[in-house]
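Written out below as C-alpha cells is the structure these notes cover.
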2 protein chains.
Amino acid sequence: MIEIKSLPAGCAARRSETACETCGARAFSVCGSLGPADLAKLDALAEATAFAPGQPLAHEGDPADYLFNITSGSVRVYKLLSDGRRQITGFLFAGDFLGLASGDRHLFTAEAIEPSTACRFRRTAYQALVHDSPSLERALLDRARHELAAAQSQMLLLGRKTAHERLASFLLDLPSQDPLRPNAEGRVRLPMTRGEIADYLGLTIETVSRVLTKLKTQGVIRLLSLNELSLERPEQLRAMAEGEI
Amino acid sequence: MIEIKSLPAGCAARRSETACETCGARAFSVCGSLGPADLAKLDALAEATAFAPGQPLAHEGDPADYLFNITSGSVRVYKLLSDGRRQITGFLFAGDFLGLASGDRHLFTAEAIEPSTACRFRRTAYQALVHDSPSLERALLDRARHELAAAQSQMLLLGRKTAHERLASFLLDLPSQDPLRPNAEGRVRLPMTRGEIADYLGLTIETVSRVLTKLKTQGVIRLLSLNELSLERPEQLRAMAEGEI
DNA sequence: CGAGCAGTTGATTTTTATCAAGTAGCGTGG
DNA sequence: CCACGCTACTTGATAAAAATCAACTGCTCG
C-alpha cells in the first residue's frame, strides 16, 4: 500500500552540489530549476508517498498513471526477459525523476531498494501542467538529455568494457549520483546488493564478488562493510575504468 | 567539406507509416508533428548538407555548434575507448534527429555510412526557436522519450542477451527504423558493415558472421546479397529475440 | 589483372558463466 | 542471551560462450 502523507510534497529536493560524471554539467532535480510559481503549482498536484524495500513504484506494461520524483532512498529500474534474466537500466536517488521515458505505459519496472519516499504526480495532471509551463518543459528536456547521455555511456560499458572496467566505472559513477554518499573523501555507499550490481553491469553475482575481492587485494578499494567501501586509489580506478590498465 | 545546398531544407521528412518496435507508438520525425508556422521558421534557419561515406557530422568532445535532422542515407553514432574499442550507440536514418543528447559539446561521434543528406541547424538559433515554440519543445521531448526507451531496450540486449538473441533483435528492429527498407515483405536493408553491426551489438565481426550463417542454414533468414536479406520466419526470429528458443 | 578490403570459416584461447561448497551476518524465537 | 535458520556473499572447480588468431574466399576497383 502506498502511504500518502498530508503535506508537503517536497518535490523540490535539490542536489546541485554534485557534478555530473557523464556530461560535466551539474546535476539537478527536475524541480530544482523552477521558479516559485511553478513549484507551487507542482506541489498542488503532488502527493508524498513512501515505499518499503521491494515495493513497486511502477510495473512494466502497466498504464503509466503516475510519475514520481524521488525524494529519499534509492530505487532500481529494470527490464526482464521472459526467462527471468534481468537488466537494471538505472538506480534512482533523491532528486531523480521516474517516468521520463514512459508514454501511456511504463516500459520498465521500478522498485524501492531501501525504505524510500517519492513525490507522486498523476500523469494527466502533470502533462497539463507541463503543457502550460515552458520552464518545466525545458527542465524535463534537460533531464532527458542527461539521461540519454548516461544511457549511451552505459551502452559503451555493457558492450565493450571488461568486468574490471565495469566495476571501476560503477564505483566512480555511483557517488556522483547518490546525494547520500558518506561525506568522508572517497567513501561510497552501496545500498544495492551484489546481485543488483551484477544485473546493472551485465555480469553475475560471482564475477562482481571476485572483482571486488581483487580490487581489495590490489589496495584500490577498501571494504568498510558489505554496503560501504572507500576508494583508496581513485586515479588508478579511473585509469582502469577507461581501459588504460 | 560540407556541401550546402540552396534549398529547401526539407527537414519535414516524415516516416509516419512505420510503427515503433520499442514503444508501440508510431515513429515520427521531429518536424513531422509541427504545424506549418513552425515548419516555416525551422526551414528559415536550416541548411541542407550532404555527407560522403565516412564523413563526420559531429565529433565526440567538439563543441556542439550544429544539430542535424537526417533527411536521407544512414549515420553511425558511436563512442570510443582510448584503445580503440568502439560502441555504436545507434544508427540514424531519414527523419532521425542528431544531437538530442548533446549539451555544449557532443558526447559521441557521428559519421555518414552511405552518401547521406541532413538538415543542419546552428544550435544557438535552434535553441532560440525551441524556446519560442512549445509545440517544437514538446516534439523534442517526445523524441527524447522515444530514444530513452530504445536505449533501455539496447541495455537489456547488451547486458543480458546471447549473440543469437542480439542478431535476432537487430534484424527485427532495423526495418522499423529505416524508412528505405525494401518494400517487399520481410526484406531488410543492411547499409552497415558486419563490423558496424558487431560494434552495435557488443560482439565481434566473426561472431556476427557465424550467427548470420547459422540463421541462414536454419532457414530463418535468406541472404540476398551482402547488404540485403529477407526474413523467412519472422515469428521464429521474434521468439529467438526474446530468448524463448 | 592484381591489390585490397569485406566477409567467411576453422582452431584455439580467454573470459565469464555455471555449478558447487562453504562462510558471515542478521533477525527471530526459544 | 544464544541457537537457529535464512540470506547475502565469497571462493573454488568446471563448462560454455564468445573472442582471438589465422587462413582463405570473393568481390570491387584501379
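Letters go in sequence order (proteins before strands), and every chain restarts at 1.
- Contact footprint of chain B on DNA chain C: nucleotides with an atom under 4.0 Å from a non-hydrogen protein atom, first to last in 5' to 3' order, C:dG7 to C:dA11.
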Donor-acceptor pairs under 3.5 angstrom involving side-chain atoms of residues 60-67 of chain A: please list them, not counting sequence neighbours.
{"unit_1": "A:Tyr66", "atom_1": "OH", "unit_2": "A:Arg122", "atom_2": "NH2", "d": "2.5"}

Distances for protein N/O vs nucleotides 24-30 of chain D N/O pairs under 3.5 angstrom?
none

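- Under the rule for a salt bridge (charged side-chain N to carboxylate O under 4.0 Å, His left out), A:Arg166 has no partner lying at least two apart in sequence or in another chain.
- Pairs of residues two or more places apart, or lying in two chains, that qualify as salt bridge (Lys or Arg N to Asp or Glu O under 4.0 Å) and include a residue from residues 151-160 of chain B are A:Asp199-B:Arg160.
- Counting non-hydrogen atoms of other residues, nucleotides and ligands closer than 6.0 Å to CD of B:Glu235 gives a total above 12.
- Applying the ring-ring contact (aromatic ring centres under 6.0 Å, His included) rule to pairs touching residues 183-233 of chain A yields A:Phe91-A:Tyr200, A:Phe170-A:Tyr200, sequence neighbours excluded.
- Remark: A:Arg145 engages A:Asp142 in a side chain to side chain donor-acceptor pair (under 3.5 Å) (not counting sequence neighbours).
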Restricting to nitrogen or oxygen on both sides, can you table the protein-nucleotides 16-20 of chain D pairs closer than 3.5 Å?
{"unit_1": "D:dA18", "atom_1": "OP1", "unit_2": "B:Ala163", "atom_2": "N", "d": "2.7"}
{"unit_1": "D:dA19", "atom_1": "OP1", "unit_2": "B:Thr204", "atom_2": "N", "d": "3.4"}
{"unit_1": "D:dA19", "atom_1": "OP2", "unit_2": "B:Thr204", "atom_2": "N", "d": "3.4"}
{"unit_1": "D:dA19", "atom_1": "OP2", "unit_2": "B:Thr204", "atom_2": "OG1", "d": "3.0"}
{"unit_1": "D:dA19", "atom_1": "OP2", "unit_2": "B:Thr207", "atom_2": "OG1", "d": "2.3"}
{"unit_1": "D:dT20", "atom_1": "O4", "unit_2": "B:Arg210", "atom_2": "NH2", "d": "2.9"}

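- Looking at residues two or more places apart in sequence or on another chain, you find no salt bridge (charged side-chain N to carboxylate O under 4.0 Å, His left out) involving A:Glu242.
- Protein atom CE of A:Met192 is 15 Å distant from nucleotide atom C1' of D:dA8, rounded to whole Å.
- For residues 201-225 of chain B, the pairs satisfying salt bridge (Lys or Arg N to Asp or Glu O under 4.0 Å) are B:Arg222-B:Glu232, with sequence neighbours left out.
- For A:Gln236, the side chain to side chain donor-acceptor pair (under 3.5 Å) test picks out A:Arg233, with sequence neighbours left out.
- Listed by first then second residue, pairs satisfying ring-ring contact (aromatic ring centres under 6.0 Å, His included) with a partner in residues 211-231 of chain A number zero, not counting sequence neighbours.
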